[in-house]
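We name chains A, B, ... by the order of the sequence lines, and we start the count at 1 in each one.
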Amino acid sequence: MNDRIIPWQPTVIAGPKQAMLVTPETAVMMIKKAKRPLMVVGPLAKRQPVLDHTLKIMERWDLPVVTTADTFRVFNERGVETEPYGIVEITNLLKDPEWRGVRGEGQHDLVIFIGCIYYIASQGLSTLKHFAPHIKTLTICKTFHSNADASFPNMDDEEWFRYLEKMHED
Amino acid sequence: MNDRIIPWQPTVIAGPKQAMLVTPETAVMMIKKAKRPLMVVGPLAKRQPVLDHTLKIMERWDLPVVTTADTFRVFNERGVETEPYGIVEITNLLKDPEWRGVRGEGQHDLVIFIGCIYYIASQGLSTLKHFAPHIKTLTICKTFHSNADASFPNMDDEEWFRYLEKMHED
Amino acid sequence: MAPESKKAKDLKGDFWDAKNIQISIGKVITEEEPPEEVRGPKPMPHVTDLRSWDMKLLERYEPFYAPFCDMCCLCTYGKCELLGKKGACGIDAATQQARTVLLACLIGTAAHAGHARHLLEHLIEKLGEDHEIDLGMNVDIEAPITRTVMGKRPRTLGDLREVMDYVEEQMSHLLSACHTGQEGDSKDFESKAFHAGLMDDLAREAADLAQIVALDLPKGDEDAPLIELGFGTIDTEKPVVLCIGHNVLPGADIVDYLDEKGLEEDVEVCGICCAAIDITRYNDAAKVVGPLSKQLRFIRSGVADVVVVDEQCVRTDVLEEALKNRSAVIATTDKMCLGLPDMTDEDPDRIVRDLIEGNIKGALILDPEKVGEVAVKTAIKLAPERKPLKKLPDVEEIIELASECTDCGWCQRACPNSLPVMDAVKKAAEGDLSQLEEMAVEELCYTCGRCEQECERGIPIVSMVTKAGERRVKDEKYKIRAGRGPAQDVEIRRVGAPIVLGDIPGVVAFVGCSNYPAGGKDVALMAKEFLERNYIVVTTGCGAMSIGEYRDEDGQTLYEKYGGEFDAKGLVNMGSCVSNAHISGAAIKIANIFAQKPLEGNFEEIADYILNRVGACGVAWGAYSQKAAAIATGVNRWGIPVVLGPHGSKYRRLFLGRADDEEKWKLNDLRTGEVIDGEPAPEHLLYAAENREEVTVMIAKLCIRPTDTPKGRQMKLSNYIDLHRKYFGTIPDDIDKFIRTEKDIPIVYKKDVMKILEEKNWKPRKVPKEPSLMEMEKG
Amino acid sequence: MAPESKKAKDLKGDFWDAKNIQISIGKVITEEEPPEEVRGPKPMPHVTDLRSWDMKLLERYEPFYAPFCDMCCLCTYGKCELLGKKGACGIDAATQQARTVLLACLIGTAAHAGHARHLLEHLIEKLGEDHEIDLGMNVDIEAPITRTVMGKRPRTLGDLREVMDYVEEQMSHLLSACHTGQEGDSKDFESKAFHAGLMDDLAREAADLAQIVALDLPKGDEDAPLIELGFGTIDTEKPVVLCIGHNVLPGADIVDYLDEKGLEEDVEVCGICCAAIDITRYNDAAKVVGPLSKQLRFIRSGVADVVVVDEQCVRTDVLEEALKNRSAVIATTDKMCLGLPDMTDEDPDRIVRDLIEGNIKGALILDPEKVGEVAVKTAIKLAPERKPLKKLPDVEEIIELASECTDCGWCQRACPNSLPVMDAVKKAAEGDLSQLEEMAVEELCYTCGRCEQECERGIPIVSMVTKAGERRVKDEKYKIRAGRGPAQDVEIRRVGAPIVLGDIPGVVAFVGCSNYPAGGKDVALMAKEFLERNYIVVTTGCGAMSIGEYRDEDGQTLYEKYGGEFDAKGLVNMGSCVSNAHISGAAIKIANIFAQKPLEGNFEEIADYILNRVGACGVAWGAYSQKAAAIATGVNRWGIPVVLGPHGSKYRRLFLGRADDEEKWKLNDLRTGEVIDGEPAPEHLLYAAENREEVTVMIAKLCIRPTDTPKGRQMKLSNYIDLHRKYFGTIPDDIDKFIRTEKDIPIVYKKDVMKILEEKNWKPRKVPKEPSLMEMEKG
């Protein structure tokens, strides 16, 4: 099997269903197609250059952003507005079809994850996989997340940064 | 994911390790390379044309054969000598590195399965996967067995018979 | 530090010692009754007390593991992959399998223990703790398991509480060992699983004893009545109450309520699974729909106006399924509350109204008497308006539905038995319902519903199977003998010698669930095979029902053809799951009555006796549950081998012997004190077979015991050879292993067997007088 | 039909009623002591008796499920995939998660219950069942949990048996519900998990009470001695006996044997995990190596001559690992026999000889006194010859080993915390051991060993980490205050009002295991943060050790800096895992002593009180085990919120509130009988956080309660805002939710907060006097 699409922590494998491997191009397509996408940014995205890529992606596609853990702080320091939630809190809201979303415009239909701790993200993605059929999940970390609907593969920093670059170039 | 290499009963998936998908050519190579191969034939191989293919493969490669369940009978009726064992009995013997094999020449190093009930075979393959590192397992049923080391893919009868054909042609 | 039960160390206040003692002022007077029990070495054994026996078994029958998953997911260090690796806690794959097996056995034991405790306390509340345990004239040893394990005879319902206290305490210690970072050795886990199985045995005995004496169920009655069995026996014109599960109490109160109100003729009461068995032991007017495999099919049929569920083996989506047909659901125990409002303290008529008007989705009623009233009243009121619901989609609709099929084939891949579901559906789309019908009538499909869940078009395959089978529902009329309870002492006296000496070739017990690889008929065919060959055939639970669902060439069910006595050619339905205790019980009684072995506190000697001398074999062909795992493991510890169907491989662990290793079969002849060569008898302790043919031959082989007389051995080998010839075409190649001297060779096969013996360079060997595994030095 | 415990229905012979009654000839005389207890509505509640309370909690804090696997593998119908599908038994994914959670909680409860029963019976055997439960002058309410749940005060060790009987019976019913085909509703499974948690609470209380009174451990002593903690405190020149696990008995007998023989100075006795805590409560000369995370590292160091294991959280490969260094292993309980020969009945000197000569791989000795003698004698004999083994591969060898690395990177993928293991190894190959050292010293690595298992070259990474850390082992000398046991009644009287009114901003309890996402220091930093802010900081078990393993800027451990009183700025080490009972116990005592709520049989009122008024929060930052799951679930049922570290998400279930749904937070003001708007306080019941920064802020928030006085609320909000500003940079956006009237606004933040309130269109609302969830109509 292709090493790039075994879950980064291989035992995360949960059953026959596996995430679709996506390229940056496909990821962008998913964002374009979505009506109410949301980006969820975790503490591993606080460091550079991931933070800048994240900011640019957010801006490029006008994505509302939820920051998990204490990630809010670095965005706030840059004057960028995000909604702080615990990763389990935002996941809990996302699984409720009645929730109106962070902009109050209705539940999101696509959630893009970046920078959350692998295993807790994996658990959150499992929640959404099982209990939020109304949402597609996409992870753009450098690790393959089999519980997502779509995920970047496992790769090294260099390749990842190229992937992220492509997510916000015109 | 490729439908041909999801375990036939998809929930047989047991973890990150999956069988290698093999063609008849590779399967033949494995037999050629083996020092003391063994063929294990289950009751689903009693019907035709599987039985004839099995007989031919057995003959072509001079394989000692263990028959499971009551499969012994059809071979016996054709005057072909096989060793009858329960599938769990033969598996139990195979996992013992000290066992001398059906020919008394030493433990086998390759076991080729055909015609055993999918789920019990799957369990037996799991036993060997975990506890018989000294043995390679190969399944030549028409169903993908992820617990084997190497397996034919899921396919229909027609394709399968072609695969089997290739296993005994010169 | 074995956990020390208070009871063994400190007997003050416990019934064991206190029973025969009256405390008077300043003086102790013993009752006149003589102290009947000789106390053996290990009354109320703790977790480690029987470990040395277990290790003897495990050395001969080594655990064989087939992991169902490569990972462990029990703690938050994990998941850990254990394929050739240890987990974060240090555990390896074999140990993890054993741990999982222990866990499964404990869940099974808890199911019986919870059931037993519940029954017991309820019955004590009604009848008092002094209610006597009296099984009548013919059963003196009323509780062989309790006597052996607890070291004392229980005389009243109250005494059974001590049994349950002990069982619960042991379970707590055993479950503890499953915690991360406790037991680290697979054989020690298996020893604990054996202990769990023994606790299961005790709990089942307590449960069945309590209900037999308190509800006056048949007390070992070989002429227990024949009961109606099958879909076709239910009069769908009447209001129908269906009971599903294992607890007799709500069902008993339903039939009592009907009796009290003179409504017996007006309402049909029927059951699925063991609740059916036990209700019909209580009242023979109730009917048995069938085994577990019928559950979804019957609910989908819409026939039941009220579905009363109690505990164990009930579909967890019963509420959702019943609501589709507007059947009213009543949950009746803490084990299965289904999220329903607790109406226990409400007025019955209000509950009936709420159920009928749909104000509630169903009711949780924890008082069985109230269940009786509410279930009957609801059924009577609901039946007229539910008439139109008592039918399935009609044939045209089925064809229509079938035409939705996209040929993806995943239904077949999801089917536990890989049935050709898609083929049947496609045929149906062409108007040919025969394959669907076959799935229903031949019980190939046990209605688990996985095909439907997998179908991308949501085709209701189980409903279609049900409908297709409907045409022949009227044929589904069978008979089953009501569960008779234990074997009588007098019967044991009669068969003890022939069994131990081998004249009766064996006792074969068909037990367990309906997770069959190819339908229930296999079980009936096996039963028939062994009945015809003079074996004693014992059965319980869903197995007993499957045997009843077959008619032989004369159009008779086996229950009509064979009597219910515990003797050669007897077909003995002992009762429900908990009645399985009487099977080990019969083996124990043989040791006691025939061989005069004292029972009390004497587990190891009794088990050693059974292993070496009592030619019994359990068959759980459709075992699916944790209870079945516990039962089999418990039975194994007594030295009785068990065979499972192929699905049994998913229990992850078997106990297989190695016939090729002579060292494993050495025996100590207690008569001579000599360690001698033995034979692989029984060859395996827990075995899984692929098909009926294989298992039939294996059963015959597993009835062989070292103590068979030459005559008995001849009989057993005749059966083994006959069956091997029938299904394999030859005399079995390992026949030499079972021939001690030429006298053992069956006359008819003498020539052929002699030839094999010569080829094998066979030599005669000693016949042990008192074969035993005890007191043997290792190696 | 709830299973009916004999005790509730039929009290004859039970200590509850019989205690004050003496039976004399023909006459009943009550003792002079007045019947102190007012019996509440639900003494000894059965599985379903507290279901209505559970449903109130579950409606507000809905279960949040994160499946760890898409499949169910518990029966042989399976495996079934549950991703949008039901299984063959009808179960769906949510219900299956809840079932798994119940199972985990039961395993945890059994670990404590097995431990408690074992201790209890052993201590009764030594001291008699009449041994009094007396915690001295300052603790009258010695068993708040038992009083509340059982409905009566236990006065002797013998009385605790009834507690255990009850716990074991309830566990059996609960485990039964996990059987295939029983409970079908996830909330009902959660209600059962709550019940399991409550049983766990009871078992822990019984265990700790028993050992406190029988072994004379500190009885709520705020000045319990400071104990030596850390690798560096062990004198490796002496023979070393290491105890691992949770059961004090073998360790206590080891130190007793040393005392008796006058060998205290000659042998080092040290412990890992809770055994360490409890041995040092018994004898302050023993030493604590550290939490669970040290286990493999310490074994690999070879320092221990004898490794004595008892139960719970011991590496299951301890035998294999210890044998590598020729340490002798003694297993001491039925929970962990490790396949070792049972030497309980052998002569101690023979066992010593067999151990030293390697005739046996290790010994199972089920008698703790014998363990004491054998362990000490073996250590003394073995130590001289093991001298050379007390060192690890030297640095050159490490570099050599490291150079085998193939850069595959799978070590990092296997590492639970994705530590840069490969990078550290590669650095080591270049001669730079600093990264390996950091993993050891900073405790980033908790020595689970998965990296080694994954390594294709078999590089012994944990040994290398251990070696690399060795250089600084001498620095690993810390202090921990010995576990003091419960809070005193007098302390509760002092802090009750300030806590309920909010003047003490909260009680924060750091408990549980060492499965930390980024080392144990996080726990110490959190403790420090809240100590400095005037909270009461309570701790137990591995958490208590992690707190001790940190020195502040003054070079002091927090135990040296802060006193052990249960008061603001107190750092209260209550003891081991089982001492967690005193945390719920303290909350219960507040309800009783401060608010005069009767305890007996009055669970719901007490829990309702705690939920709404006692600003306590549990933190299990490194929770890994089933015990931790049981503890958290038990604490939750009392109305106390718990936060977990990120690994806690693998428990599969949290209880999360929805601050955005005002309906969920309505309260009944019992004083006025009015249902009024409330606030999300506490907002969650069971929460998992990603990092320390997040959790610190969350803890402060979760201490808010509806009854805070304005002054108290100001204090709590000050802390919440301070911490939010510190870690998030802003005043929290949800501050408006917690301001009832302007009086609640902290003075220093007045302006900023007012601005937020204006933006949010905030309106003042009523402050409830007696907020409650009881007696509210739905909707």
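- The contact between Leu292(C) and chain D is made entirely by side chain atoms (from C-beta outward), counting heavy-atom distances below 4.5 Å.
- When heavy atoms are compared at a cutoff of 4.5 Å, Asp188(C) approaches chain D solely by way of its side chain, counted from C-beta outward.
- Annotation: the span from Asp165(C) atom CG to Arg161(D) atom CZ amounts to 11.5 Å, rounded to 0.5 Å.
- Pairing each heavy atom of Arg315(C) with each of Ala88(D), the nearest pair is NH1-O, 3.1 Å.
- Put simply, of Ala177(C), Gly184(C), Cys89(C), Pro416(C), the one with the most heavy-atom pairs under 4.5 Å next to chain D is Cys89(C).
- For the pair Arg450(D) and Cys80(C), the tightest heavy-atom approach, listed with the atom from each and the gap, is NH1-SG, 3.3 Å.
- Interface remark: Ala623(C) contributes backbone atoms only to the contact with chain D (heavy atom separation under 4.5 Å).
- For chain D, the option among Arg652(C), Gln182(C), Lys627(C) with the highest count of heavy-atom pairs below 4.5 Å is Gln182(C).
- For the atom pair OH of Tyr166(D) and CD of Glu168(C), the computed distance is 12.5 Å after rounding to the nearest 0.5 Å.
- One finds a salt bridge joining Arg117(D) and Glu169(C) here, because a Lys/Arg side-chain nitrogen approaches an Asp/Glu carboxylate oxygen to under 4.0 Å.
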*When you look at Lys85(D) and Glu454(C), which way does the salt bridge (charged side-chain N to carboxylate O under 4.0 Å, His left out) test go after all the steps?*
CA-CA 7 Å; Lys85(D) 300 166 199 161; Glu454(C) 203 67 43; 3.0 Å; yes
*Is there a side chain to side chain contact (heavy atoms under 4.5 Å, CB included) between Leu74(D) and Leu103(C) once you walk through the steps?*
CA-CA 10 Å; Leu74(D) 291 175; Leu103(C) 198 52; over 6 Å; no
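- Contact of Gln295(C) with chain D is not made at all, since no heavy-atom distance falls under 4.5 Å.
- Looking only at side-chain heavy atoms (C-beta outward), Asp334(D) and His46(C) stay at 4.5 Å or farther from each other.
- Contacts of Ala113(C) with chain D are made by both backbone and side-chain atoms, with heavy-atom separations under 4.5 Å.
- In this structure, chain D has no heavy atom under 4.5 Å from any part of Leu119(C).
- Only the side chain of Tyr446(C) has a heavy atom closer than 4.5 Å to any heavy atom of chain D.
- Nearest heavy atoms, Leu175(C) versus Leu106(D): CD2-O, 3.5 Å.
- In terms of heavy atoms, Glu311(C) sits closest to Ser176(D) at OE1-OG, 4.5 Å.
- In this structure, Thr316(C) contributes its side chain and Gly90(D) its backbone to a donor-acceptor pair below 3.5 Å.
- Of the atoms belonging to Asn417(C), not a single heavy atom falls under 4.5 Å from chain D.
- Closest approach of Glu183(D) to Cys337(C), counting heavy atoms only: OE1-N, 2.7 Å.
- Interface residue Leu364(D): only side-chain heavy atoms are found under 4.5 Å from chain C.
- Under the 30°/60° scheme for interplanar angles, the aromatic rings of Tyr624(C) and Tyr77(D) are found to lie parallel.
- Contact annotation for Leu120(D): neither backbone nor side-chain heavy atoms come within less than 4.5 Å of a heavy atom of chain C.
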*What do the steps show when you test Ile91(C) against Asp317(D) for side chain to side chain contact (heavy atoms under 4.5 Å, CB included), and what is the final call?*
CA-CA 6 Å; Ile91(C) 206 162; Asp317(D) 60 350; over 6 Å; no
*Please test Glu452(C) against Lys86(D) for salt bridge (charged side-chain N to carboxylate O under 4.0 Å, His left out), starting from the C-alpha separation and ending with a verdict.*
CA-CA 9 Å; Glu452(C) 290 186 358; Lys86(D) 296 188 294 186; over 6 Å; no
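- Taken to the nearest 0.5 Å, the OG1 atom of Thr76(C) stands 9.0 Å off from the CD atom of Gln626(D).
- Counting heavy-atom pairs under 4.5 Å between each of His179(C), Glu321(C), Gln312(C), Lys370(C) and chain D puts His179(C) at the top.
- Each of Cys73(C), Ala104(C), Ala628(C), Ser625(C) has some count of heavy-atom pairs under 4.5 Å with chain D, and the biggest count is that of Cys73(C).
- When heavy atoms are compared at a cutoff of 4.5 Å, Asp342(D) approaches chain C by way of both its backbone and its side chain.
- With a threshold of 4.5 angstrom between heavy atoms, Lys192(C) approaches chain D through side-chain atoms but not through N, CA, C or O.
- Of all heavy-atom pairs spanning Leu338(C) and Asp185(D), the tightest one is C-CB, 3.4 Å.
- Both the backbone and the side chain of Lys79(C) come within contact range of chain D, with heavy atoms under 4.5 Å apart.
- His173(C) is listed as a side-chain neighbour of Lys335(D), based on a closest heavy-atom distance under 4.5 Å.
- In this structure, the separation between NE2 on His118(D) and OG on Ser172(C) is 12.5 Å, given to the nearest 0.5 Å.
- For chain D, no part of Leu174(C) is nearby; none of its heavy atoms comes within less than 4.5 Å.
- Judged by distance alone, the side chain of Gln453(C) and the main-chain N or O of Gly87(D) form no donor-acceptor pair under 3.5 Å.
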